[in-house]
Number of protein chains: 2
Amino acid sequence: MTSQHDGAFDRMDQVQARARGIDRVVEILEFLRASRRPIGIGDLAKRIAAPRSSLYEIIGRLTEAGILETVDQEGRVFFGRAVYLYADAYLDSQPLVRNGRDEVIRLAETTGETAQLCMLIGNKYTVAHMQPGSNLFRISSETGILVPIPWTASGRLLLAGMSEAQIRALIPPEDYRLPDGRRIEIEDFLHDVRDAHARGFAVTTALADEFTTCLAAPVVDATDRPVATICFVIPARTPEDRQAELMEKLIAGGRAVSRQLRG
Amino acid sequence: MTSQHDGAFDRMDQVQARARGIDRVVEILEFLRASRRPIGIGDLAKRIAAPRSSLYEIIGRLTEAGILETVDQEGRVFFGRAVYLYADAYLDSQPLVRNGRDEVIRLAETTGETAQLCMLIGNKYTVAHMQPGSNLFRISSETGILVPIPWTASGRLLLAGMSEAQIRALIPPEDYRLPDGRRIEIEDFLHDVRDAHARGFAVTTALADEFTTCLAAPVVDATDRPVATICFVIPARTPEDRQAELMEKLIAGGRAVSRQLRG
DNA sequence: CCCTTTTGTCTGCTATACCGGACACACTGT
DNA sequence: ACAGTGTGTCCGGTATAGCAGACAAAAGGG
């Protein structure tokens, strides 16, 4: 039907070229990561716009490998045990995440506050590990969700060492708009980044969430570039001296993890 | 060299039909899981008998998706951040692992002993989570490593409910040989399994490791089949009454997690 | 220095993986 | 009973993904 003369158009409108199996795999995994819950194959086909017949085939193969698992008798699928093993191997190879996570657990235990290990993935920010504190205060952020860098205190620290031009190139304009609609001025943000770098820590209040303050300290590699942050998520009205005390522990913790990276 | 007239032979010896991308992906991930360290692409091509040109393509795609990462400037690759996020979502979806892990942490804290959450993957046993105790006693086992079932106390509990024939079919003969060379008699092992099932707990001493005793209690699903165990790893010379006390906590903990699975 | 090995990229051929669509079956509600 | 919806399987055609092989460039290594 689609004849010779509109080939170019076809490409533009419907990128309906037959997809590669690997691309399907990536789409599936990415979808599951984002939605964080099991889904039926038919449903999934609609959501990622893939033909059902292909998905049955691909998911069958992934299930066989243990990368996916059939969750219930309605045939819903989700991540399988294999990914747990992959991640375990990954952690073994990454002293950063392993040590950082231990430190975060320790901090959460000794202070009772919610602590996190945060890092960048591409041009987004994510919480790699979260350890809830014993306090009643509920936090909103979830592990693994990708968040615009300007929304976070940690994001400001993680950009330390990048040039202004690099930062401008990295962060898409829409990421400067906060969840409540406010906009962060790029100049202000760049200033924050320089500031965070100079001080060696960052604090933000009521940024992504109205009642939350975030304290962050950097973890740096052997060349002093920030590779992660550890941070506390606390009620905005936490007393000054308590905040100072927490910040001190955070900086010490960040230094400890950084030291382990060098050794 | 392989000429026209031996086509049939070709098929038999070397199943050299062009491989699918997905299969390559699974092979790559499985290889990395087993070897647990970064590898160059050329090297990898030899090890899994795949053409280099294809691997460059596939690994490029997986790297783009964050499933793999380039580790050093020599171009070696290993698991990437994405698998960590996948695993995190997986753990969230598994009440067993989530609750079990919490209970293990609680037990390790209140008793000061090293506690573990263990389960089966295929015909092997693995530690899904380990929480070191505050005691000086160092344990050897590591999370995520696959271990022969007969080497462990937990393994005996996890087979409860299986018939003798099923057990014989499941466990490869070489798994009855301990790290120090001793062999476990199949009959003795089967007896241990029945015994563990009847008592509702298991104890082994100096099995995988000379100076270690392992106490284990089952976590069962709604149909009373064991799906995991929680256990303590303690010095072999721990006094009897202390062991009894720990065992009691363990059984209570296992029951608690089992209850959560039902609800 | 030359010689060997490896690495990353590119190209054209063709076996085949993916797709569309059809089919049987199981539910559900009316 | 019957239409409507969703699930799991199968099949044939064709766009294309994967392969072999060639290549330059870099990296050892003697």
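Proteins get letters first, then strands, A, B, ... in listed order; numbering begins at 1 in each. Computed from heavy atoms alone, side chains included, the values below leave out hydrogens, waters and symmetry copies.
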Would you say the rings of B:F78 and A:Y90 are close, in the sense that their centroids are separated by under 6.0 Å?
no
CG of B:L32 to CG of B:L44, rounded to nearest 0.5 Å, is 6.5 Å
Ignoring hydrogens and angles, answer whether the base of D:dG18 and the side-chain atoms of B:R24 contain a donor-acceptor pair closer than 3.5 Å.
no
Among D:dC19, C:dT6, C:dC18, the one nearest any side-chain atom of B:K46 is C:dT6
Minimum-distance nucleotide to B:R20 side chain [options: C:dC18, D:dT9, D:dG18]:
C:dC18
Check the distance between D:dT7's P and A:I59's CD1 and give it to me in whole angstrom.
12 Å
Find which nucleotide of DNA chain D each of A:I22 and A:G40 is nearest to by heavy atoms, and output the residue with the more 5' nucleotide.
A:G40
Please report the distance, rounded to the nearest Å, between CG in A:L62 and P in C:dC18.
11 Å
In terms of relative ring orientation, are B:F79 and A:Y86 parallel, tilted or perpendicular, with 30° and 60° separating the classes?
parallel
Could you pick out which residue, B:D43 or A:A50, lies toward the 5' side of DNA chain C when each is mapped onto its nearest nucleotide?
B:D43
Could you give the CD-to-P distance, from A:E57 to D:dC10, as a whole number of Å?
11 Å
Between D:dC19 atom P and B:D23 atom CG, what is the distance in whole Å?
10 Å
Keeping B:W151 on the side-chain end and B:R177 on the backbone end, is there a donor-acceptor pair under 3.5 Å?
yes
Let me know the distance between CG of B:L55 and P of D:dG21, rounded to the nearest Å.
16 Å
Atom-to-atom span, CZ of B:R52 to P of C:dG8 - whole angstrom
8 Å
Looking only at side-chain atoms of B:Y56, point me to the closest of C:dG20, C:dT9, D:dG18.
C:dT9
Quick note, A:S53 side chain, CB onward, closest among C:dG20, D:dA20, D:dT7 is C:dG20
Just one of A:R101, A:R36, A:R33 clears the salt bridge (charged side-chain N to carboxylate O under 4.0 Å, His left out) bar with B:D88, so which one?
A:R36
Roughly, in whole Å, what's the span from CD in B:Q73 to P in D:dA26?
17 Å
Whole-Å distance separating the CG atom of B:L44 from the C1' atom of C:dG8:
15 Å
